[in-house]
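Beneath this line is the structure, given in C-alpha cells, with notes to follow.
In this chain, residues are counted from 1 in sequence order.
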Amino acid sequence: MKKLIPVFLAMVIFLSCGIAHAAPIIIKIGSTATDESASGIATREYFKPYVEEKSGGRLKVEIFFNSILGGDRQMLESLQMNTLQADLTPATVLAGFSPDFNVADAPFLFKDKKTAHAALDGEFGALLSGTLKNRGIRILGYPENAFRNISTNKREVKTLEDMKGLKIRVMEGPVYINTMKALGANATPMSFGELYTAIQQGTVDGQDNGVVITYTSKLHEVVKYYTFTEHCYASNAYAFSEDFLQSLPPDLLRIVEDGIKIAVKAQRELNTKQEEEMTREMEKAGVTINRLSAEEKERWRKATAHVLDGLAGTVSKDVLEAARKVNEVYGK
C-alpha cells in the first residue's frame with residue numbers, strides 16, 4: 001500500500017499540471033473593418049481583454065482585421081465550418097445567408113439611433129439572429145456602422161425635390177436601388193473602389209455613405225455638399241460560429257456574450273464620437289453640411305415607405321411585420 005502512495009501522488013501532480021497548463025481555447029475573429037475604426041478599437045481594447053481576463057486565460061482572442069482573412073462572405077462561410085470563430089460583418093452581407101436580413105437596409109426603418117439600438121439589442125435583433133439558426137451562424141451583438149446620408153458635388157440637397165435626377169452611387173441590391181428611385185434619383189450601382197474617381201469625373205453626382213467612411217475614404221475631397229438625411233441605418237454584427245458557441249462550457253459562453261455586450265456599447269460610443277469629429281473636419285475642408293428638418297424627413301419617409309412593403313415574399317411574414325412596428329415598439 002505504501003508503495004502505491006508515491007505513484008498516486010505523482011499522478012495527481014501530473015494531472016494538476018496538465019490542467020494548469022491546458023492550451024487556451026482560441027477565438028479567431030476577422031473583419032474587413034480597419035484596426036483603427038471604432039469596431040477595431042472596441043474589439044481590441046474591450047472584447048479581447050475582458051474575455052481573456054475573466055476566463056483566467058482559458059480563452060484567447062486573436063484578431064484579424066483589415067480584410068486579412070478575405071471578404072465578409074468568405075469569412076462567414078468559414079464560421080459555418082468553424083475554421084473561424086467570429087466575424088464582425090456588415091449586417092447587409094447576412095442577407096446572402098438569410099433573406100430576412102434584407103429588412104435591415106429598408107429606408108427609415110429606425111427613426112433614430114436610440115430606437116435602432118433598443119430594437120437590435122431586443123427581440124427584433126434576436127428575431128433576425130434566429131433566422132440564421134440553421135446556417136451555422138449566431139449573432140451576439142449589433143455594433144453600428146452608420147446612418148447613410150447623401151453627399152453630392154452637383155447641388156445641395158435640402159428637400160425631396162433636390163434629389164430629382166441626381167446620379168447617386170448605391171450598393172448593389174434591390175433595396176438600395178428602389179430607395180433611390182423612390183427619392184427621385186437615378187440609382188447607379190457601383191463598387192466602392194470606383195467611387196472616388198466616378199464622382200471626380202462626373203460619372204455619378206454623389207453617394208450615400210456615413211460620415212466616417214466618407215471622411216476616411218477621402219470622398220469629402222470630391223463632394224461639395226453633405227446632408228444628414230439618415231435614410232438608412234447600417235448596422236454591423238458580431239457573427240459567431242454556432243458550432244463553436246455550442247462547444248463552450250456555460251461559464252465561458254457567458255463570458256463571451258458579456259464581452260460582446262461591452263464591446264458593442266463601447267463601439268457605438270466611439271463611432272458617434274468619430275462621426276462628430278469627422279463632420280467638423282469635413283466642414284473645415286470646405287464641405288457644406290446640411291440637415292433635413294423633421295418635416296422634410298417625414299416627406300422622405302413617406303416617399304420610400306413602399307420599399308419595405310416590396311420585400312413581402314422575400315422576407316418572412318413575422319420579420320416583415322416586426323419591421324413595420326419597430327419604431328412603434330422601440331421608439332419611445
Side-chain angles (χ1 to χ4, degrees), residues 72-73 89-112 115-116 119-120 124 127-128 131 144-152 154-155 157-192 194-195 198-199 203-210 213-214 227-237 292 296-328:
D72 284 298
R73 184 171 183 87
T89 180
T92 185
V93 180
L94 292 164
F97 296 80
S98 167
D100 287 308
F101 271 86
N102 280 291
V103 301
D105 298 317
F108 300 100
L109 178 64
F110 306 114
K111 68 178 185 178
D112 52 34
T115 302
L120 292 171
F124 183 70
L127 178 64
L128 287 177
T131 67
E144 66 182 24
N145 184 333
F147 265 116
R148 289 183 174 275
N149 302 303
I150 298 293
S151 54
T152 71
K154 190 169 185 177
R155 59 173 175 265
V157 172
K158 294 182 177 180
T159 67
L160 185 59
E161 288 73 21
D162 293 331
M163 288 292 291
K164 187 174 183 180
L166 287 177
K167 293 177 291 184
I168 302 296
R169 176 267 175 184
V170 295
M171 291 176 60
E172 290 190 22
V175 174
Y176 300 108
I177 293 170
N178 291 337
T179 296
M180 285 302 134
K181 286 182 177 179
L183 293 172
N186 293 325
T188 307
M190 179 184 296
S191 70
F192 186 77
E194 301 173 29
L195 182 53
I199 296 176
T203 305
V204 295
D205 299 317
Q207 53 106 31
D208 76 333
N209 277 298
I213 290 179
T214 298
T227 303
F228 282 85
T229 55
E230 298 182 338
H231 57 277
C232 174
Y233 178 84
S235 174
N236 288 328
L292 294 185
E296 187 60 32
K297 186 179 287 187
E298 179 61 16
R299 293 183 66 214
W300 288 49
R301 187 195 67 77
K302 289 181 178 179
T304 58
H306 66 277
V307 176
L308 178 60
D309 295 333
L311 291 174
T314 299
V315 304
S316 57
K317 291 182 179 179
D318 57 340
V319 169
L320 186 59
E321 188 60 25
R324 286 173 175 150
K325 296 180 178 179
V326 76
N327 287 305
E328 176 186 341

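- Here OG1 of Thr214 is found 8.5 Å from CG of Leu195. Values are rounded to the nearest 0.5 Å.
- When all heavy atoms are compared, the tightest approach of Val326 to Ala119 is CG2-CB, 3.5 Å.
- To the nearest 0.5 angstrom, Ile177 atom CD1 is 11.0 Å from Met171 atom CE.
- If you run side-chain hydrogen bond (donor to acceptor under 3.5 Å, both in side chains) between Thr92 and each of Asp105, Asn145, Asn102, Asn236, only Asp105 comes through.
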Query raised in the report: Could you walk me through whether Asp205 and Arg155 pass the salt bridge (charged side-chain N to carboxylate O under 4.0 Å, His left out) check?
Result: CA-CA 9 Å; Asp205 299 317; Arg155 59 173 175 265; over 6 Å; no
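- Residues Gln207 and Ile150 are not in side-chain contact: their nearest non-hydrogen atoms beyond the backbone lie 4.5 Å or more apart.
- The side-chain tip of Arg169 does not point at the ring of Phe192 from less than 6.0 angstrom away and within 45° of straight on.
- Residues Phe108 and Asn327 share a closest heavy-atom pair of O-ND2, 3.8 Å.
- Atom CG of Leu308 is separated from atom CG of Leu109 by 7.0 Å, given to the nearest 0.5 angstrom.
- For the pair Arg301 and Lys297, the minimum side-chain heavy-atom distance is 4.5 Å or more.
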Requested in this report: Kindly determine whether Phe228 and Leu292 satisfy side chain to side chain contact (heavy atoms under 4.5 Å, CB included), including the steps that lead there.
Outcome: CA-CA 6 Å; Phe228 282 85; Leu292 294 185; over 6 Å; no
Requested in this report: For salt bridge (charged side-chain N to carboxylate O under 4.0 Å, His left out), just list the numbers for Lys164 and Glu161, CA-CA rounded to whole Å, side-chain angles, deciding distance to a tenth of an Å, and then say yes or no.
Outcome: CA-CA 6 Å; Lys164 187 174 183 180; Glu161 288 73 21; over 6 Å; no
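- Ile199 contributes atom CD1, which lies 12.0 Å from atom CD of Glu194 (distance to the nearest 0.5 angstrom).
- Closest of all the heavy-atom pairs between Gly210 and Ala146 is CA-CB, 3.9 Å.
- A pairwise comparison of heavy atoms in Thr304 and Leu183 identifies CG2-CD2, 3.7 Å as the closest pair.
- Considering OG1 of Thr227 and NZ of Lys158, their distance stands at 8.5 Å, rounded to 0.5 Å.
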Requested in this report: May I have the step-by-step check of side chain to side chain contact (heavy atoms under 4.5 Å, CB included) for Asp208 and Met180, ending in yes or no?
Outcome: CA-CA 10 Å; Asp208 76 333; Met180 285 302 134; 3.8 Å; yes
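- Nearest heavy atoms, Thr159 versus Arg299: CB-NH1, 4.4 Å.
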Report task. Could you give me the CA-CA distance, side-chain angles and deciding distance for Val170 and Thr188, then say whether side chain to side chain contact (heavy atoms under 4.5 Å, CB included) is met? Result -> CA-CA 6 Å; Val170 295; Thr188 307; 6.0 Å; no
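- Residues Val307 and Thr179 approach most closely at CG1-OG1, 3.9 Å, considering heavy atoms.
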Requested in this report: Would you check, one step at a time, whether the test side chain to side chain contact (heavy atoms under 4.5 Å, CB included) holds for Leu166 with Thr152?
Outcome: CA-CA 9 Å; Leu166 287 177; Thr152 71; 4.0 Å; yes
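- Looking only at side-chain heavy atoms (C-beta outward), Leu94 and Leu128 stay at 4.5 Å or farther from each other.
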**Report entry** Pair Glu321-Lys325, salt bridge (charged side-chain N to carboxylate O under 4.0 Å, His left out): steps then yes or no
**Finding:** CA-CA 7 Å; Glu321 188 60 25; Lys325 296 180 178 179; 3.6 Å; yes
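- Here the straight-line distance linking atom OG1 of Thr131 with atom CZ of Phe101 works out to 5.0 Å at 0.5 Å rounding.
- Between the side chain of His231 and the main chain of Trp300, no donor-acceptor pair closer than 3.5 Å is present.
- The number of heavy-atom neighbours closer than 6.0 Å to CD of Glu172, taken from other residues, nucleotides and ligands shown, is 12 or below.
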